[in-house]
Amino acid sequence: MAKNKVNTNQTPKPAAKQMQETIDDTKPLVDLKLPEWLYQFKVQALIVGILAFVLNVNTSQNEYALDDTIVIVKNEYVYEGFAGLSGILTKDAFDSYYKQFNSSNQLAGGRYRPLSIATFAIEQQFLGPIPQKKVDSVVAHAGEHGPQERKLLKDMHVRHVFNVLWFTLSMIVLLYFLRYIVFRENFIMALMAAILFTIHPIHTEVIANVKSRDEIMSLMFVCMTFIFAFKYEEQKEKGMLALGLLSYFLAFLSKEYAIALIILLPLSFYLFKKYTLPKSLLASLPYYAVVAVYILIRRQIVAPMSEDSVNDILNNPYALASGTEKLATQICTTLSYLRLLIFPHPLSADYSYNTILYKDFGNPLVWLSLIVHLGLFRMMFYYFKRRSVLCFAIAFYLMNLLLICNIIFNIGGTMGERLIYHSSVGFCIAVAFFLYKAMEKIKPVPNGKMVIGGLMLVLVIVCGFTTIHRNALWKNDKTLFFHDISVAPNSVLVNADVASSYINSADEEKDSVGKNFDLREGIKYYDKAIEIDPAFVSGFLNRGMAYFNLRLPDSAISNLEKVRTLYPRYPKLDDMFFNVGVNFYVNKRYDKAIAAWQTALQIEPNNPQARNALIVLNNQMKAGK
């Protein structure tokens, strides 16, 4: 009888508080009588893994596009294989690219994301590393036609396969995270959320653009941090704690999103372990030490933003906006992310200046965005009191959104589809939750299963078709931007990339008519890009080279002079002036030739070609007299 004695000294909790602490809105209210095998992790992992691989394997036929050039194609450390790892781990992600333009960090906050780039170098070690003495030449000629380009494209096919494999693995980890932590009482909800995330077309940029492996690895290690943190709390094994801390550090080395766990990790302990707030924070303390270590390392490596980039509209898209315009546009842009998550069409590889027009607080969309997101914050705190999974879903969405919306951190761009990758986990958790609850409400039970099951099948088919189609457009810059120019006609970079594609095509043309057509089409798109951004240096440079190839040296010189004004240290600018001077010389316009060669010497006094050309021309003119 003693063991059944009631402890009269214990104060009973109010009924409402007891309910608040024990509520589990993921526990099935209705027995849907689904097949038992569908609840097994192995079966669910197979479903998610097959979807992830099949919908994205067509990217293996792709080449390189967009930021692949900066991070892989023009990265000396990647080409060196294992030998380049020390450079990757101790320098800004774009260090190699900046060096080629005699520049330094051009982006606010810099970019220290060495882990994914290290995987590219490891791949290169097996694909065939480049000796250090030859790497400068390889980087300088990367992308030019010939045997080197054929090897590069073959290697990129392999990298795309690895990207798909990384994504597939990460989706299985995401599924485990959802089953083990978020939906512990409902494995079907976990499967639905994982499928929704896996098939979402907005993620095509992350998979098809190899550079974006940093997003894939970041989310995977974030999920692993949660998993090992919870395992340690349950088992109290030091090995689990060590794996949790290691996963968190690797998440930081992948991308900065890991900082969101400062809030999300204790929140997860509170919501899913039913810890008190003080206990949740105490359990998170070891992980805060990882944050401190990462920040110390990062501060030693990343340089401040260069002065000439602060007013560059391509690196600081709000440089021309007033204070209120900047804030209003940032608020409005967050609504665009939500719209694309709900209806991912049309998709675009670029949202830089002037794709998204500046807004002011007289625009109703700004206020709609403000109302929606303040409403989400209010809902998050409402569900926080109920310890509901919806609190975690909203928090996961908002905390990651705050990192990319420019309101707190300047990310060097207006928006990008890859940037919503982490936030979309919260979105998919919430959608899966409401779909499952709808399935429970539909009576009789078989009808609910058929309706929601049919809806999921339709989503898989529609999203799968969209994903496969969009993946194919990422084949290379030409296919991507020739398509996206219709989506983002006012983007400086999209117009510039279409122009570059035309000019590159001109190099392959055999007849002069086709060559001249491509060059003039390229000039037309550069005209549009320069009209949008009158300080677009590479636009002036490449338009000048197009005029040079059309044998219009006067137009070429005027564009090169503009480059000289905007960017006096532009690499090999002296050689470009020399080449245009040769064009003047061939046409016996000696005064123009002399002026071009003298400019080349002003830029680079040790340019031997310009110096010798002036000597030869002066001797010819003296002899003629």
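Given the structure is predicted, the values throughout are model-derived calculations rather than measurements.
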Problem set entry | Candidate pair I72 and Y64, rule side chain to side chain contact (heavy atoms under 4.5 Å, CB included), full reasoning | CA-CA 9 Å; I72 301 173; Y64 57 89; over 6 Å; no

For this session: Could you please spell out the steps behind the side chain to side chain donor-acceptor pair (under 3.5 Å) verdict for E205 and Y421?
Result: CA-CA 10 Å; E205 178 177 353; Y421 188 70; over 6 Å; no

Problem set entry | Residues I404, I420; criterion side chain to side chain contact (heavy atoms under 4.5 Å, CB included); working and verdict | CA-CA 8 Å; I404 62 165; I420 201 65; 4.2 Å; yes

Problem set entry | Residue pair R213, F162: steps toward the side chain to side chain contact (heavy atoms under 4.5 Å, CB included) verdict | CA-CA 9 Å; R213 189 179 298 175; F162 275 107; 3.7 Å; yes

Exercise. For R159 and E63, what are the C-alpha separation, side-chain angles and deciding distance, and is it a salt bridge (Lys or Arg N to Asp or Glu O under 4.0 Å)?
Worked result: CA-CA 9 Å; R159 296 191 196 280; E63 299 165 4; over 6 Å; no

For this session: Could you walk me through whether F577 and E561 pass side chain to side chain contact (heavy atoms under 4.5 Å, CB included), step by step?
Result: CA-CA 9 Å; F577 272 97; E561 287 288 1; 3.8 Å; yes

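F226 and F177 have tilted rings, their planes meeting at an angle from 30° to 60° on a 0 to 90° scale. Ring pair F536/Y526 is tilted by interplanar angle, where 30° to 60° counts as tilted.
There is a side-chain donor-acceptor pair under 3.5 Å between N607 and D575. Side chain to side chain, S254 and R113 fail the donor-acceptor criterion of an N or O pair below 3.5 Å. Side-chain contact of N62 with N476: a donor-acceptor pair under 3.5 Å is absent, judged by distance alone. Donor-acceptor pairing under 3.5 Å is lacking for the side chains of H141 and Q148. Counted by atom type alone, Y77 and D95 present one or more donor-acceptor pairs between their side chains at under 3.5 Å. Side-chain N/O atoms of S491 and D350 include a donor and acceptor closer than 3.5 Å. Side-chain atoms of R298 and Y294 form a donor-acceptor pair, as typed in the model, at a separation below 3.5 Å. Side-chain N/O atoms of Y112 and E256 include no donor and acceptor closer than 3.5 Å. Side chains of S424 and H200: a donor-acceptor N/O pair is absent below 3.5 angstrom, by distance only. Side-chain atoms of K478 and S505 form a donor-acceptor pair, as typed in the model, at a separation below 3.5 Å. No donor-acceptor contact under 3.5 angstrom links the side chains of S501 and Y525, judged on distance only.
Taking the six-membered ring for Trp and the full ring otherwise, H203 and F167 have centroids separated by 6.0 Å or more. In this structure, Y585 has its ring center no closer than 6.0 Å to that of F578. Ring pair Y248/F252: centre-to-centre distance below 6.0 Å. No close placement of the Y79 and F120 rings is indicated, their centers lying 6.0 Å or farther apart.
Although no hydrogens or angles enter the test, the distance criterion places no donor-acceptor pair under 3.5 Å between the side chain of D477 and the main chain of A65. Side chain of D533 to main chain of A529: no donor-acceptor pair is present (N/O by atom type, distance under 3.5 Å, no hydrogens or angles). Here the side chain of N75 pairs no donor or acceptor atom with the backbone of Y97 at under 3.5 angstrom. With N58 contributing its side chain and I468 its backbone, the two residues share a donor-acceptor pair below 3.5 Å. S423 contributes a side-chain N or O that, together with a main-chain N or O of L401, makes up a donor-acceptor pair within less than 3.5 Å. In terms of modelled atom types and a separation under 3.5 Å, the side chain of E80 and the main chain of A121 share no donor-acceptor contact. Without hydrogens or angle criteria, T479 side chain to L473 main chain gives a donor-acceptor distance under 3.5 Å. The main-chain N or O of G412 is never found under 3.5 Å from a side-chain atom of N316 such that the two would form a donor-acceptor pair. Looking at S137, its side chain never comes within 3.5 Å of a backbone N or O of K134 through a donor-acceptor pair. Judged purely by atom type and a 3.5 angstrom limit, K74 uses its side chain to pair as donor or acceptor with the backbone of V139.
Note that the CZ atom of R111 and the CD1 atom of I70 stand 10.5 Å from one another [nearest 0.5 Å]. To the nearest 0.5 Å, atoms NE2 (H422) and SG (C223) are separated by 8.0 Å. Atom CG in N549 sits 9.5 Å away from atom CG in N516 (nearest 0.5 Å). Rounded to the nearest 0.5 Å, atoms NE2 (H157) and CG (L127) are 12.0 Å apart.
Shortest non-hydrogen contact noted between K562 and P534 is CE-O, 4.1 Å. Taking all atoms of both residues into account, the shortest heavy-atom contact from A499 to G522 is CB-O, 3.2 Å. Residues N163 and V206 come closest through the heavy atom pair ND2-O, 3.6 Å. G143 approaches L152 most closely through the heavy-atom pair N-CD2, 4.2 Å. The two atoms that bring T414 and T333 nearest to each other are O-CG2, 3.9 Å, heavy atoms only. In plain terms, the two heavy atoms of R611 and P605 that are nearest each other are NH2-O, 2.8 Å.
Other residues, nucleotides and ligands contribute at most 12 non-hydrogen atoms within 6.0 Å of the NZ atom of K572. The number of heavy atoms from other shown groups lying within 6.0 Å of CD (E508) is above 12. More than 12 heavy-atom neighbours from other residues, nucleotides or ligands sit within 6.0 angstrom of CD on E509. More than 12 heavy-atom neighbours from other residues, nucleotides or ligands sit within 6.0 angstrom of OH on Y318. No more than 12 heavy atoms of other residues, nucleotides or ligands shown are found within 6.0 angstrom of CZ on F53.
Between I532 and Y353 the shortest side-chain heavy-atom distance falls below 4.5 Å. Inter-residue side-chain proximity for S212 and R418 is flagged as met; some heavy-atom pair is nearer than 4.5 Å. Side-chain contact check for S96 versus E76: some heavy-atom pair is nearer than 4.5 Å. Looking only at side-chain heavy atoms (C-beta outward), R543 and I503 stay at 4.5 Å or farther from each other. Looking at L419 and Y257, their side chains come closer than 4.5 Å, going by heavy atoms from C-beta outward. Looking at M415 and L340, their side chains come closer than 4.5 Å, going by heavy atoms from C-beta outward. Residues L66 and W474 are in side-chain contact: their nearest non-hydrogen atoms beyond the backbone lie under 4.5 Å apart. Put simply, the side chain of N490 reaches to within 4.5 Å of the side chain of K528, judged on heavy atoms.
The existence of a salt bridge linking D155 and K151 is confirmed by a sub-4.0 Å separation between a basic side-chain nitrogen and an acidic carboxylate oxygen. Of the charged side-chain nitrogens involved, none lies within less than 4.0 Å of a carboxylate oxygen, so that K475 and D68 do not count as a salt-bridged pair. With respect to the salt-bridge test (charged N to carboxylate O, under 4.0 angstrom), the residues K515 and D518 do not qualify. Note on E604 versus R569: no salt bridge recorded, every NZ/NE/NH1/NH2 to OD/OE distance being 4.0 Å or above.
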